[in-house]
There are 2 protein chains.
Amino acid sequence: MSREEVVKTARRIVDAEGVDRLTMRRLATEIGSTPMALYHHVRDKEELLVLLLDDYAARTLHRPELPAQPRERVVVAAAAIHEALAACPWIVEVLTADDLMSTSALWFVEQIVDGLVECGLTPERAVHGYRAIWYYTAGEIVVRTAATRRRAAGDRDTYRERVFADIDPGELPRLAEVAERWAPLTAENTYLDGLRALVDGLLATR
Amino acid sequence: MSREEVVKTARRIVDAEGVDRLTMRRLATEIGSTPMALYHHVRDKEELLVLLLDDYAARTLHRPELPAQPRERVVVAAAAIHEALAACPWIVEVLTADDLMSTSALWFVEQIVDGLVECGLTPERAVHGYRAIWYYTAGEIVVRTAATRRRAAGDRDTYRERVFADIDPGELPRLAEVAERWAPLTAENTYLDGLRALVDGLLATR
DNA sequence: GCAAGTTTTTATACATGTAAGAAAAATAGC
DNA sequence: GCTATTTTTCTTACATGTATAAAAACTTGC
C-alpha cells in the first residue's frame with residue numbers, strides 16, 4: 001500500500017458514489033486491507049480529503065488565457081480558482097484548511113500577487129490582497145455550498161422565514177423592504193461582482 | 001425538558017469545558033435524560049450549535065456607537081460582527097450555515113444595507129453588497145480559526161513548508177520573493193484593510 | 001373520568017473515526 | 001544467514017451522532 005494508492009482509491013470511490021460513501025472502512029476493504037493500516041499513510045481523514053482536493057485541483061485547474069492588463073488578470077485568475085472549487089461539491093469539509101496550497105494552485109496565486117504588484121502595490125500589500133481575495137472566495141464557496149446542500153436536503157428553512165416575517169418595518173426598514181426578495185436575491189450568483197469590487201478597492205489609492 | 005433548557009445546559013458545558021466536550025450523551029446526562037430525548041427539541045447537533053451561536057450573539061453582540069457617515073457605518077457594523085464572531089472559537093463548525101440570521105444580528109445587517117443604500121446603491125445592489133461583506137467576513141473567520149487551531153494542535157505544517165521550499169523562482173518569481181515572509185504575512189490580521197477595500201470597491205461607480 | 005390521539009422520552013442498535021498496542025513484515029548490521 | 005531494529009499492518013475497543021421503534025406521559029373531546 002502507498003499514499004498514492006490510498007488517494008487514488010479514495011478518488012475512485014468519491015467519483016463513483018460521492019464523498020458520503022468514503023469511509024475509512026470502505027476505503028480499506030476496497031484496497032484489501034484494514035482501516036488502521038491507512039493511518040500510516042495519512043494522518044487522519046481530513047488530511048486524506050485535503051490530498052483529494054489537491055489531486056482534484058491538479059487534474060481540473062487548467063491555466064486559462066490571462067488578459068494582459070494586470071487588474072483583469074487578477075480577476076480572471078481568482079475566478080478560475082473559484083470556478084474549479086465551486087464545482088467540487090464535497091469541498092466544504094476541506095476548505096477550512098488554511099490555504100489552497102497545492103502545487104497546481106500556486107501558479108494562480110502567483111498571477112494574483114503579480115497582478116497586484118504590477119498595479120502598484122508593494123509585495124507585502126499584494127500578499128494581503130491575495131489573502132483578502134482568498135477569504136472572499138473561500139467564504140463564498142463555503143456559505144453557498146452549505147446553503148445548496150441544505151436546500152437539497154429539503155430543509156424549508158422555516159427559521160429564516162420566521163425571522164424575516166417578524167421584522168418590524170419601523171425598526172429595520174431596509175430589511176423589511178427587501179424581506180420578500182431576500183431568498184432570490186441571496187441565491188443570485190454575484191461572486192464576480194464582489195470580486196471586481198474587492199480588487200478595485202484593493203487597488204484604489206485611498 | 002424544553003428547547004431553552006437544552007440550549008442553556010449546552011451553553012454551560014461549552015463555556016466550562018469547550019465545545020469538544022459537548023456531546024449529546026453528556027448533555028443528556030447533564031439534563032438528567034437520555035440522548036434521544038434531545039432530538040425532539042433539536043433536529044440534530046448542528047442545529048444545536050446554530051442555536052448556541054444565536055444565543056451567544058444575543059448576549060455579546062452589543063450595538064456600538066455608529067458613525068454618521070454611511071460608508072464608515074458599514075465598516076463599523078461589519079467589524080463589530082466580525083469581532084464578536086472571531087472571539088468565538090468553536091464557530092467554524094457552525095459558520096457554514098448560510099447566513100448569520102439570529103434576530104440580534106439583524107440590526108447590524110440593517111445598518112450595513114442601509115449604509116450602502118445611503119451611499120447610492122439600489123436596495124438590490126445593497127443586499128448583494130452585504131452578501132459580499134458576509135462572504136469575506138465568514139471566510140476570514142473560518143480560514144483564520146482553522147489555521148489557529150491547527151497551529152494549536154502543534155501541526156508544524158511541513159506540507160506548506162515543503163511546497164514553498166520547492167518554488168522555482170524562474171517560474172513563480174513573486175512567490176519566491178515572499179516565500180520566507182509568507183507565514184508571518186498571512187498571520188497578520190488584515191481583516192479591516194480588506195473590509196475597507198471591499199466597501200470602497202462596492203461603492204465606487206465603475 | 002376516561003378513551004383516543006398526540007407529544008415526549010426511552011431502549012436498543014448501527015456506522016463511523018480513531019486510539020492503543022500486539023503482530024507481522026521489511027530492512028539493516030554483522 | 002541470523003539477529004536487531006524499524007516500518008507497516010492488524011486486532012480490539014471506545015466514543016460519538018443518530019435511526020428505529022416501543023413505551024410513557026400528556027392533551028383533548030366528550
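Everything numeric in this text was worked out from a predicted model, so none of it was measured. Below, chains carry the letters A, B, ... as their sequence lines are ordered, and counting in each starts from 1.
- For the pair B:Y39 OH and D:dA19 C1', the computed distance is 10 Å after rounding to whole Å.
- Using a 4.0 Å cutoff on non-hydrogen atoms, the parts of residues 20-32 of chain B near DNA chain D are B:L22, B:T23, B:M24, B:R25, ordered by number.
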* Apply salt bridge (charged side-chain N to carboxylate O under 4.0 Å, His left out) to A:R174 and A:E177, showing your working. => CA-CA 5 Å; A:R174 296 292 182 202; A:E177 186 186 347; 3.8 Å; yes
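- The nearest whole Å value for the distance from the CG atom in A:L48 to the P atom in C:dG17 is 10 Å.
- Atom NE2 of A:H41 and atom P of C:dT18 are 16 Å apart (whole Å).
- A salt bridge is defined here as a Lys NZ or Arg NE, NH1 or NH2 lying under 4.0 Å from an Asp or Glu carboxylate O, and A:R59 with A:D55 meets this definition.
- A donor atom on one side chain and an acceptor atom on the other are found under 3.5 Å apart for B:Y191 and B:T137.
- For A:M1, taking side-chain heavy atoms from C-beta onward, the closest of the listed nucleotides C:dT9, D:dT9, D:dG17 is D:dT9.
- At whole-Å resolution of the value, CG in A:D44 and P in C:dT16 are 17 Å apart.
- Of the side-chain N and O atoms in B:H40, none sit less than 4.0 angstrom from OP1 or OP2 of C:dT10.
- Heavy atoms of other residues, nucleotides or ligands lying less than 6.0 angstrom from CD of B:E30 number more than 12.
- For A:K45, counting side-chain heavy atoms from C-beta on, the closest listed nucleotide (D:dT18, C:dG17, C:dT9) is C:dG17.
- Heavy atoms of other residues, nucleotides or ligands lying less than 6.0 angstrom from CZ of A:R181 number more than 12.
- A ring-centre distance under 6.0 Å is found for A:Y130 and B:W182.
- The side chain of A:M36 lies closest to D:dC10, out of D:dT9, D:dC10, D:dT18.
- With distances taken from any side-chain atom of B:S33 to the nucleotides C:dT9, C:dG17, D:dT9, the minimum falls on C:dT9.
- When the P atom of D:dA19 is taken as reference, atom CZ of B:R43 falls 11 Å away, rounded to whole Å.
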